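Quick notes on the structure that follows.
Note that the structure is predicted; figures quoted are calculated from it, not measured.
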Amino acid sequence: MVVLSLAPARAQDAPLVLEIQGGAVIPFGNLKEGTGVGEGTSAGPSLAVAFTIPGDGWRTLYAGFSQHRLGCEAAGCPSDGRYVATGFNVGIRAVLVQDHRAVPWLRVGAITSKVETGDLGASPASGVSDVGFGGEAGVGLLVQLGRSLAWTSAANVTLPGGSTLALRYLTAHTGLSLLF
């Protein structure tokens, strides 16, 4: 994730930041290549919204919402069918270098996810999964452009019918951050 900022490089000093990000979700492991119920998905669009509360020094707390849409034709969905994974995330972001035009960061956190599977023709699984819980890790870069805006660049769920779907994916986002 790359962040191009219209905010001071010390955006960590803002009391509250709203981040709106979009990009792609890329499945891997069995989610991409598996042959079990619900496996065999393809990349699709991704959206994330988060509020961050910068702390003193290197840390920032975040809480947000994300939605990822995975193609699922190989998983048994109708042509143009999608899995829609929706959830919440919370965690901490660590700024690695401060007071520079480019500010690299790392983040770790916890996620929840619920997957709408649609109708899987060859399986009894359709509808909405149970809520799954997992973790996330991220890396990014904030690049200063100006004063008050910024461009921002694994859970297991149980499907209806009892099958477990291991959500393993990468996201690549770009977006907008608003400093308050």
Close side-chain approach of Glu116 and Tyr83, heavy atoms under 4.5 Å: no
Working for side chain to side chain contact (heavy atoms under 4.5 Å, CB included), residues His68 and Thr171: CA-CA 9 Å; His68 312 297; Thr171 58; 3.6 Å; yes
Nearest 0.5 Å, what's the CD-OG distance between Glu19 and Ser177? 4.0 Å
Report yes if the side chains of Asn30 and Lys32 come closer than 4.5 Å at any heavy-atom pair, otherwise no. no
Distance col, row Thr41:OG1 vs Leu70:CG, nearest 0.5 angstrom, shows 4.5 Å
On a heavy-atom basis, the closest approach of Val95 and Val97 is CG1-O, 3.3 Å
Hey, what else clusters with Phe88 if you join Ile, Leu, Val, Met, Phe, Trp, Tyr whenever side-chain heavy atoms sit under 4.5 Å? Phe65
Ignoring hydrogens and angles, tell me if any N or O in the side chain of Ser46 forms a donor-acceptor pair with the backbone of Val25 under 3.5 Å. no
Between Leu47 and Gln21, what is the shortest heavy-atom contact and its length? CD1-O, 3.2 Å
Indicate yes or no: at least one non-hydrogen side-chain atom of Val115 is less than 4.5 angstrom from one of Val84. no
Do you know the tightest heavy-atom contact between Arg82 and Gly71? NH1-N, 3.3 Å
Running the 4.5 Å side-chain criterion over Ile, Leu, Val, Met, Phe, Trp and Tyr, what cluster does Leu170 land in, apart from itself? Phe28
If the condition is side-chain contact (heavy atoms from CB on, under 4.5 Å), which residues does Leu18 pass it with, not counting sequence neighbours? Ile20, Val49, Phe51, Leu178, Phe180
Do Asn89 and Tyr62 have side-chain heavy atoms sitting under 4.5 Å apart? yes
Just to verify, what does Gln67 make a side chain to side chain donor-acceptor pair (under 3.5 Å) with, not counting sequence neighbours? Arg69, Thr86
Kindly give the heavy-atom pair with the smallest separation between Leu31 and Leu165, and that separation in Å. CD1-CD1, 3.8 Å
Under the rule for side-chain contact (heavy atoms from CB on, under 4.5 Å), what residues qualify as partners of Leu61, not counting sequence neighbours? Ile92
Taking 4.0 angstrom as the limit, do Arg168 and Glu39 come out as a salt bridge? no
Can you name the residues that form a side chain to side chain donor-acceptor pair (under 3.5 Å) with Ser42, not counting sequence neighbours? none
Would a 4.5 Å heavy-atom cut-off, applied to side chains only, mark Leu96 and Leu106 as touching? yes
